[in-house]
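Here is the structure we will look at, set down as structure tokens.
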Amino acid sequence: MTLSAGNKIFSALFIAGSALAFAPTAGAAALAAAAAGAPLVKGLPDFTDLIDKVGPAVVNIRTTEKLKQGQGSPNEEEMQEFLRRFFGGAVPRGQDPRGRRSPQQPQEEEVQRGVGSGFIVSADGFVLTNAHVVDGADEVLVTLTDRREFKAKVLGSDKRSDVAVLKLEAQQLPSLTIGDSNKIRVGEWVIAIGSPFNLDNTVTAGIISAKSRDTGEYLPLIQSDVAVNPGNSGGPLINMRGEVIGINSQIATLSGGYNGISFAVPIDEAMRVADQLKKTGRVTRGRLGVEIGEVSKEVAESLGLGKARGVEVARVEAGGPAEKGGIKVGDIILKFNGQDIQKSADLPRLVGSTAVGSKAIVTVWRQGQQKEIPVGIVALDDDKSARKPAVKKPAPEQAPNAVGLHVSDLSEVQRKELDLTGGVLVDASEGVAARAGLRPGDLILQLNNVEVKDARQFNAMVAKLDPKKSAAVLVRRDETTQYVVIRPRQ
């Protein structure tokens, strides 16, 4: 096949352009000169020196479990299943397939339970890994790249953060430098080293895809596209300076294998957990004693907040620190110790990292005003479940109010049982109220930042609502309290 002159010229330009695109020096400079601005990305990284430096501090972790006599090891169970399928039955335990009795089995047998990864953080033998790697293990064996093997002691593990600390009886071990996960940038190169499928010292590379993914209860995780598979858990995520910025912990998958998304525990949070595990073997977190919910844009506008921010207090634990400090249901928590609360995941993390027994300043939005409330922080383990109140529903009124609600007053007995000083009970809901989600049995506590005292006052306030504006109603349903937005003109 021959090319015309025009095609030859085009092909030559295409080849030249391709060469320039991949050339690291003169070609890139030529393209840069022809472009409007200098290129932001120059070439690909060479990881070889980096891996030579950090590789020796990454370890393989094998765990074993003691099985009692009669449980059977995994290999024995597989043999039993094989015999059942192909010979119509299983051989009784204690006999071989030819019917001879085997020697007496020991009372306990150690079998391999799992394989994971970890990394040394100090020359005197402290190792970090995932809690799920060592969970339930009777023995933990750590192997270094020089094939030395140690029996590790588990100093402590924390399931909430998925961090565990091990101790090796050794000195002058290679160790990794701890980085700053707060300074990571989306798009920067990172590598992972671990033992996927028991393949020791496997290196994979990629970039940071996102920061602060809310996939952890108390930790915002680092997302990357570095290949992570079973066995990588507990290994380090390392930046181009050779610093650990995370512990590889999870993958997002539908198949069980790597699908292009992996998550790591930020090293800053992991080290805070590790410090407590070293000292006490457990992690203590702070607690306020509230249940919270998101603040929608409509609720924020109705309450005079302007934009959606903070978290809504849906429930306050009876006798808990929040109630003792003066936080009320319906408050919008805007700040905790001066730090802004933008989403519901922010508050538990800030409270959890606060020292138990200390005082915190909680900034709330209540009835159109900002208040600062000092609250004592208690341990998370002291959490208590609230009692679910019982509400008796009286007969509905004859006519609904302007938004379609039939409401009635609570009896003194009901108010005492529910620990309320006001509020009204929804007997029936129709029209715009029903479309907003209000239903019989709900308790209405506030309307547009004004506390509801009784049915007469509430109906009078409803009658004066501006039909062109949305109204925020604070509603308690069972154990949860939240704002519901009603649009009178619907």
Which heavy atom of [X] sits nearest to which heavy atom of [Y], and what is that distance?
X      : Y      : value
Ala428 : Pro440 : CA-CG, 4.0 Å
Asn201 : Val58  : ND2-O, 4.2 Å
Ile377 : Gly286 : CG2-CA, 3.4 Å
Lys335 : Asp340 : CE-OD1, 3.0 Å
Val407 : Asp427 : C-OD2, 3.6 Å
Ile486 : Ala436 : CG1-CB, 3.9 Å

Does [X] reach the main-chain N or O of [Y] with its side chain, forming a donor-acceptor pair under 3.5 Å?
X      : Y      : value
Gln414 : Leu410 : no
Asn459 : Ala455 : yes
Asp442 : Arg439 : yes
Thr354 : Leu350 : yes
Asn448 : Ala472 : yes
Asn239 : Gly242 : yes
Ser195 : Asn60  : no
Asp162 : His132 : yes
Asp346 : Lys343 : yes
Asn130 : Gly234 : yes

Would you say [Y] and [X] are linked by a side-chain donor-acceptor pair, where the criterion is simply a distance under 3.5 Å?
X      : Y      : answer
Ser429 : His406 : no
Glu298 : Ser470 : no
Ser224 : Ser209 : no
Asp268 : Ser181 : yes
Arg309 : Gln342 : no

**Item:** Verdict with reasoning, Leu166 to Val142, per side-chain contact (heavy atoms from CB on, under 4.5 Å)
**Value:** CA-CA 9 Å; Leu166 315 181; Val142 173; 4.1 Å; yes
[Y] side chain reached by [X] side chain, heavy atoms, under 4.5 Å:
X      : Y      : value
Met461 : Lys464 : no
Val265 : Val163 : yes
Ser175 : Val121 : no
Ile238 : Val190 : no
Pro236 : Val54  : no
Val115 : Phe197 : no
Lys211 : Pro220 : no
Asn449 : Arg366 : no

**Message:** So if I apply the side-chain hydrogen bond (donor to acceptor under 3.5 Å, both in side chains) rule between Asp158 and each of Arg285, Arg282, Gln276, which one comes out positive?
**Reply:**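 Answer after filtering Arg285, Arg282, Gln276: Arg285.
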Distance, nearest 0.5 Å, that separates [atom1] of [X] from [atom2] of [Y]:
X      : Y      : atom1 : atom2 : result
Ile222 : Ile247 : CD1   : CD1   : 10.0 Å
Ile341 : Phe336 : CD1   : CZ    : 8.0 Å
Leu237 : Ile208 : CG    : CD1   : 6.5 Å
Leu334 : Gln339 : CG    : CD    : 14.0 Å
Ile332 : Gln367 : CD1   : CD    : 12.0 Å
Ser296 : Tyr483 : OG    : OH    : 11.0 Å

**Request:** Report the C-alpha separation of Asn232 and Ser117 in whole Å, then their side-chain angles, then the decisive distance to 0.1 Å, and conclude whether the side chain to side chain donor-acceptor pair (under 3.5 Å) test is met.
**Result:** CA-CA 6 Å; Asn232 271 115; Ser117 306; 5.0 Å; no
**Message:** For Phe458, does the six-membered ring have the charged nitrogen or CZ of Lys453 within the cation-pi criterion, i.e. under 6.0 angstrom from the centroid and within 45° of the normal?
**Reply:**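 Judged by the rule (NZ or CZ under 6.0 Å from the ring centre, within 45° of its axis), Lys453 is not positioned above Phe458.
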Heavy atoms from other residues, nucleotides or ligands near [atom1] of [X] exceed 12 (cutoff 6.0 Å):
X      : atom1 : result
Lys278 : NZ    : yes
Arg415 : CZ    : yes
Asp124 : CG    : yes

**Message:** Please identify which of these residues, Val424, Val475, Leu420, Val426, meets the side chain to side chain contact (heavy atoms under 4.5 Å, CB included) condition with Leu443.
**Reply:**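 Between Leu443 and the candidates, side chain to side chain contact (heavy atoms under 4.5 Å, CB included) is satisfied uniquely by Leu420.
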Could you tell me whether [X] and [Y] make a salt bridge, using a distance below 4.0 angstrom between a side-chain N and a carboxylate O?
X      : Y      : result
Glu188 : Arg185 : no
Asp331 : Lys328 : no
Glu317 : Arg287 : yes

**Request:** Give the intermediate values and the outcome of side-chain contact (heavy atoms from CB on, under 4.5 Å) for residues Val375 and Ile373.
**Result:** CA-CA 6 Å; Val375 179; Ile373 301 174; 3.9 Å; yes
**Asked** Could you go step by step and tell me if Ser344 and Glu294 meet the side chain to side chain donor-acceptor pair (under 3.5 Å) rule?
**Response** CA-CA 6 Å; Ser344 59; Glu294 296 283 358; 2.7 Å; yes
**Prompt:** How far apart are the C-alpha atoms of Trp365 and Ile333, what are their side-chain angles, what is the distance that settles it, and do they pass the side-chain contact (heavy atoms from CB on, under 4.5 Å) test?
**Reply:** CA-CA 6 Å; Trp365 183 262; Ile333 297 179; over 6 Å; no
**Message:** For a side-chain contact (heavy atoms from CB on, under 4.5 Å) check, start with the C-alpha distance between Phe263 and Ile251, then their side-chain angles and the critical distance, and finish with the verdict.
**Reply:** CA-CA 6 Å; Phe263 299 100; Ile251 58 174; 5.9 Å; no
